[in-house]
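Below, chain A is the first sequence line, B the second, and so on; all start at residue 1.
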Amino acid sequence: MVKDLLYLGVDVGSVSTNLVLIDKWGDVKEALYLRTQGRPLETIQRGLANLAERYEDHQIGGVGTTGSARTLASVVLGADVVKNEITAHAVAASRLVPGVRTILEIGGQDSKLILLKDGVVSDFSMNTVCAAGTGSFLDQQAARLQISIEEFGELAVKSNHAVRIAGRCSVFAESDMIHKQQMGHSLSDIVAGLCEALVRNFLNNLGKGKKLEAPMVFQGGVAANVGMRQAFEKALGHEIFIPEHHKVMGAVGSALLAQETVNHAGGFTQFKGFSMAEEQIVANSWECGDCPNLCEVIEIQEAGQLLARWGDRCGKWENALAVARSETVPEAQVQTAGQ
Amino acid sequence: MKVTFPHMGNMSIVIKALLKELNIEFIPPPPITKRTLSLGVQHAPESACLPLKINIGNFLEAAEKGADTVLMAGGIGPCRFGYYNQVQREILNDLGVNLNMIVLEPPDNHIGELLKRLRTLTGSNSWWRVVKAIRFAFAKCEALDDLERAASRIRCRELQRGDVDRVYAQGCQAIDQATTPKEIVQCRDEYLTKMRSLPLDHLKRPIRIGIVGEIYTLLEPSSNGFMEKNLGRLGAEVSRSIYLSEWVNEHLLKGLLPVKGHKLTRKRAQPYLNCMVGGHGQESIGATIEYAQQGYDGVIQVGPLTCMPEIVAQSIMPNVEKDFHIPVLTIYVDEQTGEAGLMTRLEAFVDMLERRKRIQVESGLQG
């Protein structure tokens, strides 16, 4: 019996690497949430190895990658589509929550606000200069207070009087929290206050001049935190919906995009197969000394064969590869190498 | 006297032409690289905006090569740029780098004031010679702008990536080497034709993006993360609200030459911003309205971080967006700007505009 095709979505972010498999109806069949731990290549391979235990190459109908290491992931996997996180998140949310108008997303090191109209992104913003109020900070504070990140949210919900904490800068937020602790405020009030400060920071940084309308969705790793959800609901005055797969929405979105792209292109995928989990993939980098730009050129090799190069401003190294490729493989997707 | 000057897009070619015509010895600063920026960041005040930092880097690198005089533009009005030449002189003095500074400021009343300042530079050259040199340099400026406009328009159609930029770079070089006004025009036409005869996707109906904002970050590609090139490669046709020839004519030559100015652009901004806020704040608003009226799909506003005129414009943009149904993305750049974050924003913006356009076209077909 031929099983229905599945689509693989991979989101390689700063903190986590997520892999999902969706079926042709868009239902999530498999969701892996792995810590990237600064080793994106190995983490992708680890995830792939995990999936290889249960699935085979011919079941995969398409691959999409997103996240800050999307180009790297696309080279390793042979992706059909490489898209930024904003598009991926928007696609996933509008599929899982039809009619969604506002997406609040807080991940490991970035936060995004995406506004949609008729299922299309109409406006977006990303945190630019500061990471106060992202997942990493909450993680850090939970560790400092020696409570698990899961308990953190529940503790916040128990509070009936949230303390006001300065949330503009994460270092000052921490000193303010210590100060409030020394004053004798209860832990739950402080934690609730922190959630409110982060929400205030989010809305001030990203939501300025924008009209946030319901239905609203909150996704990303931090959405698991009920305290943050409550703080958002309090600030915005609307119920906030948290999708079941809120942690891996970027990956779901890129899987949906992969499905769309492959169907559009006639049903063929570039997927290189689960065997890539075993391949010897080496990332090299060197500093090009031909001009004072001193670009750091990155080169990906698979079993001694050059897969991709990027990082050079002038395009010299990148183009050298593209030319070499177009000579050997005429239909090579030169595009993926250059992003 | 060995004269140097700051980089700003293709301006070095223009100034080189001017100085060469006047028989003045010059040393152009080396191209802007990471080193230029680090030198600038090291010696400039942290809160100053990006143009100052790059300028300082340029001057220091030029001084290393033996330059002793700087030709620098000044300005009037609330924008900080107006006193940058003074700040730069002080910083260079403190560093023990002795560069004499000649400031070209927009004349208050009459072109004669500019010519008077130029006198220190021109020395024994006759006025006729000076006027001729300015005209020659300006011809180069216009030709370069034409090439740049064309490149931004057709880059999204290139079938082989990098083709347009290769021809564009060759064209700039050819114009740089041209020695007569006639040759300049010939070079321009030759390379425009070359660009158009590259293998291009003529059937493509790309989205169109207008870039507005502060002049330095608009004109100097290395300061805005090569925005025009990147947008082109993402598949967008790009136009820019300010080109060098327009700025030179308006600000230094007092609109002496028949080049399209921004008077009308500023007038368009009046319902939203009816007074001068310095820099190009008014122009950013006005140009956004113009792009919306011309049917562009989106506008990107770019400025250096902490740029006051652009912050004023940015706070007004939501109203313009609403009234003219055009999405505006604001991007501030400084030495901290990460390339990856910038690319993500550009890519997401292009995606958004493409999806919007597709839906508009589809609903248009049905309706």
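Residue B/F349 touches chain A through both its backbone and its side chain, counting heavy-atom pairs closer than 4.5 Å. With a 4.5 angstrom heavy-atom cutoff, A/S125 does not touch chain B via any of its atoms. For B/L329, the part lying near chain A is the side chain, with the backbone staying farther off; criterion is any non-hydrogen pair under 4.5 Å.
The shortest heavy-atom contact between B/A348 and A/T87 is CA-OG1, 4.2 Å.
Heavy-atom proximity under 4.5 angstrom to chain A picks out nothing from residues 36-59 of chain B.
Residue-environment remark: NZ (B/K204) exceeds the threshold of 12 foreign heavy atoms within 6.0 Å. Crowding of A/E296 atom CD: a count of heavy atoms from other residues, nucleotides or ligands under 6.0 Å not exceeding 12. The 12-atom threshold is not exceeded at NZ of A/K247, counting heavy atoms of other residues, nucleotides or ligands nearer than 6.0 Å.
A 4.5 Å side-chain heavy-atom check between B/R355 and A/V91 finds at least one atom pair inside the cut-off. Looking at heavy atoms from C-beta onward, A/R70 lies in side-chain contact with B/T344 at the 4.5 angstrom threshold.
The CD1 atom of A/I114 sits 11.0 Å away from atom CE of B/M352, with the distance rounded to the nearest 0.5 Å. The NZ atom of A/K117 sits 8.5 Å away from the CZ atom of B/R356 when rounded to the nearest 0.5 Å.
Using a 4.0 Å cut-off between charged nitrogen and carboxylate oxygen, A/K211 and B/E321 do not count as a salt-bridge pair.
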Q) B/D351 and A/N84: side-chain contact (heavy atoms from CB on, under 4.5 Å), yes or no, with the steps? A) CA-CA 9 Å; B/D351 262 356; A/N84 61 83; 3.3 Å; yes
